[in-house]
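Ligands are counted one by one from 1 in listed order, and the atoms in each one are counted from 1 as well. Not measured: the values here are computed from a predicted model.
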Amino acid sequence: MIMTAESMKEAIVDRLETTLGIPFDQATERDIYVALSTLVKEQVSKNWTRTTQTYKKQQERQVYYFSMEFLLGRLIENNLLNLGLLDVCNEALQELDFVPEEIYSQEHDAGLGNGGLGRLAACFLDSLASLELPGHGCGIRYKYGLFRQRFVNGHQVELPDYWLKEDYAWETRRGEQAVEVRFGGTVEMNDNDGKLTFHHKDYETVLAVPYDVPIVGYQNKTVNTLRLWSAESSSDDFNFFGSDRTDYYNYLEYKRSIEQISEFLYPDDSHFEGKVLRLKQQYFLVAAGLKSILRSYKKKLGLPLSSLPEKIKIQINDTHPSLVVPELMRILLDEEGLTWEEAWEITRKTVAYTNHTTLSEALETWPTEMVRDLLPRIFMIIDEINERFCKGLWFDHPELRDQIPELAIIAYDTIRMAHLAIVGSFSVNGVAKIHTDILKKKEMKMFYSLYPQKFNNKTNGITHRRWLLHANPELSAAISEAIGDKWIEHPKNLIGLLRYVDDKSFQEKIDSVKRYNKQQFAKIIRDQTGIIVDDHSIFDVHIKRLHGYKRQLLNIFHIIYLYNTLRENPSLDITPRTFIFGAKAAPGYHFAKQVIKLIISVADMINSDPLIKNKIKVVFMENYSVSLAEKIIPAADVSEQISTASKEASGTGNMKLMMNGALTLGTLDGANIEIKDMVGKENSFIFGLSADEVLHYYNHGGYVARDIYNTDDRIRTVMDQLINGFFGSDEMEFKDIYYNILSNNDEYFVLKDFDSYEEAQELVDQTYRNRSKWMQMSITNIAHSGKFSSDRTISEYAAEIWGLRSTTV
Ligand code: 26V
């Protein structure tokens with residue numbers, strides 16, 4: 001066991017020279033990283049085995065979190081931190097004359113997710129292990145993660161993220177546990193003395209090979225498992241090789257088509273597209289995951305299948321893995337010979353579903369034909385579930401008869417995955433109070449009236465270990481100095497900081513930590529963009545996926561307005577501000593890409609305009625990722641959370657920024673509302689339409705964007721600049737944004753909320769001038785952020801949905 005810097009140093013050098021065959025004086029940073037990560041993995045391995053053994057012996061209930069995305073970022077520092085070795089390792093590396101950060105950054109981010117939903121899954125794994133809960137992840141080992149973003153002449157260009165180019169230190173391939181997944185073919189039905197049996201034939205077999213990643217709990221002995229599945233062709237597929245000379249080429253083609261299943265992560269999290277490869281991925285995850293769970297259930301427990309819901313819960317992360325419902329049915333019916341009623345009872349008691357969006361464009365609805373062709377038996381089962389569900393409605397709920405087409409799982413030749421997930425599960429949850437309310441009152445209203453007991457809220461959270469303790473060690477130290485370090489285990493203890501809100505010396509301490517983090521981040525900005533920013537300016541941060549409803553456009557419109565004002569009056573007294581953006585647009589999302597181009601064009605113009613005298617700067621950081629977020633967030637003063645109210649289910653960046661002392665400038669949407677409820681209106685900057693107002697406009701009309709354009713000079717000027725060549729030679733460059741707003745009547749209420757946003761921004765400017773006041777607000781935010789630790793969220797899932805008990809290893 002490595003415990004000290006000295007033994008860490010020795011172990012690294014020894015590992016280099018013996019196992020890797022590299023003399024220390026020739027070792028590169030990559031070599032050091034490889035030596036270090038393999039050492040850490042070994043250190044973890046014993047507890048990993050022990051954890052698995054303990055779970056086996058104790059036969060306690062276990063939960064499996066099924067998700068198409070796990071946005072892990074880097075694991076090295078987190079693993080070191082959770083093992084209690086981070087300080088020791090930093091010291092050892094420094095003594096070996098290396099810069100720790102440069103060693104750690106050798107690890108490629110595991111970018112196996114698009115954004116909020118995937119990062120949430122990663123935070124949940126960290127909390128499960130840290131709370132000693134038996135909970136594991138089940139996902140796909142994409143060969144390519146979310147694309148790398150480059151800017152070329154201000155345009156986003158996507159490059160493949162080949163994160164597995166070098167060995168991934170944390171995974172273990174478990175070839176012996178591979179399972180088969182079947183696609184296509186036909187189903188033969190036989191009547192055996194009145195009992196129907198189903199025989200699936202002429203299918204194509206794909207081998208699913210698990211790669212396990214250890215999930216290390218914080219300073220305990222728990223090491224849970226994230227199992228990522230990779231698609232391979234089975235090597236015994238020799239039926240290809242007949243006498244024909246083209247067989248070999250056909251075989252290679254076939255092999256390629258199979259490996260394609262786990263080739264890449266779909267990079268669009270805003271518009272559902274019924275791509276057959278995506279459907280394959282979803283079934284691949286579900287079938288492989290279930291097979292391995294049931295295999296170990298049967299092997300180790302020797303219990304009847306009727307006890308499955310006692311021992312296993314499956315949480316599905318959005319509808320993407322909702323094929324678990326028919327797949328579990330298929331196994332129980334066709335392979336285990338249970339009756340429909342028995343199988344249905346088990347399935348419904350095992351599966352729980354989390355909804356992450358109410359945007360209709362993102363809802364999954366698969367064409368029946370596609371499902372029938374690719375998964376013939378699964379289709380039959382969904383069809384049967386639908387039949388029985390609709391029949392039940394007809395007989396048991398005569399008041400809903402007219403609504404059956406609306407409630408059905410299959411209608412108009414499409415399968416509605418959300419309906420399947422609701423009907424086939426025992427729990428449906430939203431991810432923030434307002435989101436769950438909207439599900440109950442609007443989006444899933446009728447289902448709520450059918451199954452009120454299924455619906456519940458679990459407000460999202462973030463792991464404070466990564467997002468505070470690791471990302472912001474200086475702030476963490478200052479907190480511990482004031483209130484002790486119990487908050488690390490019990491993040492709600494951060495509330496103790498309220499006693500220091502008015503303490504001048506604590507304010508100054510927190511202020512100086514923020515300044516330090518801003519200086520550090522300013523260097524990164526300089527190195528990556530060449531832009532020099534003033535670390536005394538307000539760091540105003542807008543980081544998240546680029547999407548119409550997230551309204552990066554509102555932010556940039558305000559910046560253009562501010563710029564226009566300053567050009568008219570260069571001596572205007574404003575608090576210097578650095579506007580920082582980070583965002584990826586889905587590759588096919590034209591509007592979002594236009595907004596990126598606009599922000600970069602505005603940035604170029606403002607940053608080089610001597611008239612502005614550095615009062616404002618605009619920075620768009622390339623390739624926003626987990627690792628970059630860890631650098632930006634500790635340096636933020638203002639947290640832009642300005643979605644059109646009702647659209648952002650929860651948000652989690654809002655929580656990370658709050659926890660790092662940034663003040664929320666936001667709408668009453670998602671978890672912003674709960675943040676505001678905790679810290680009080682006076683400790684945040686809230687503006688804009690409420691969700692009710694937005695929904696009222698959608699339902700009843702009454703908003704005319706053009707009226708605002710015609711009457712508000714500030715807005716008309718900004719809008720006209722989009723089409724009058726103000727930003728350079730191509731006059732028509734931003735015409736799509738211009739016409740999008742006017743001809744779609746400003747779907748996201750950018751013009752409507754401009755005025756109150758501008759007012760809120762003005763208040764930010766004024767408030768920041770009073771440093772002491774600002775620090776009071778900032779400390780108040782940190783103090784209340786404990787509620788948003790994912791430990792709280794996971795404890796709620798464990799108690800209220802899963803009935804999961806902790807198990808000390
Ligand atoms: C949708 C799709 C649709 C088609 C293909 C790929 C794909 C991938 C992801 C999604 C899900 C979008 C939903 C989502 O990410 N929701 C976000 O979930 C966060 C965690 O609950 C929450 O904080 C955000 O507010 C919510 O937008």
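Listed by number with element, the atoms of ligand 1 under 4.0 Å from a non-hydrogen atom of Gly116 are 19 (C), 20 (C). With ligand atoms numbered from 1 in the order given, ligand 1 contributes 25 (O) to contacts under 4.0 Å with heavy atoms of Ala649. Below 4.0 Å from some heavy atom of Gly651 lie the following atoms of ligand 1, by number and element: 22 (C), 23 (O), 24 (C), 25 (O). The Glu69 neighbourhood of ligand 1 comprises atoms 8 (C), 9 (C), with distances under 4.0 Å to a heavy atom of that residue. Counting the atoms of ligand 1 from 1 in the order shown, those under 4.0 Å from a heavy atom of Tyr549 are 27 (O). When each atom of ligand 1 is checked for a heavy atom of Arg278 under 4.0 Å away, the hits are 5 (C), 6 (C), 7 (C).
Counting only heavy atoms of the protein, atom 7 (C) of ligand 1 lies nearest to Asp268 O, 3.2 Å. Considering only non-hydrogen protein atoms, atom 12 (C) of ligand 1 sits nearest to Asp269 O, 3.5 Å.
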Task: salt bridge (charged side-chain N to carboxylate O under 4.0 Å, His left out) assessment of Asp126 paired with Arg465 - done: CA-CA 9 Å; Asp126 184 74; Arg465 286 167 291 274; 2.9 Å; yes

Task: Steps toward side-chain contact (heavy atoms from CB on, under 4.5 Å) verdict (Val325, Ser425) - done: CA-CA 8 Å; Val325 173; Ser425 64; 5.9 Å; no

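Between Ala671 and Met655 the shortest heavy-atom distance is CB-CE, 3.5 Å.
Considering Gln282, His320, Glu648, His356 only, the shortest heavy-atom separation from atom 17 (C) of ligand 1 involves His356. With distances taken over non-hydrogen atoms, the option nearest atom 20 (C) of ligand 1 out of Val431, Asn460, Leu363 is Asn460.
Between the side chain of Lys313 and the main chain of Gln62, no donor-acceptor pair closer than 3.5 Å is present.
Exactly one of Asp669, Asn457, Asn355 qualifies for a side-chain hydrogen bond (donor to acceptor under 3.5 Å, both in side chains) with His435. That residue is Asn355.
The aromatic ring centroids of Tyr757 and His558 lie less than 6.0 Å from each other.
The cationic group of Arg551 does not satisfy the cation-pi geometry with Tyr748, failing either the under 6.0 Å distance to the six-membered ring centre or the 45° limit from the ring axis.
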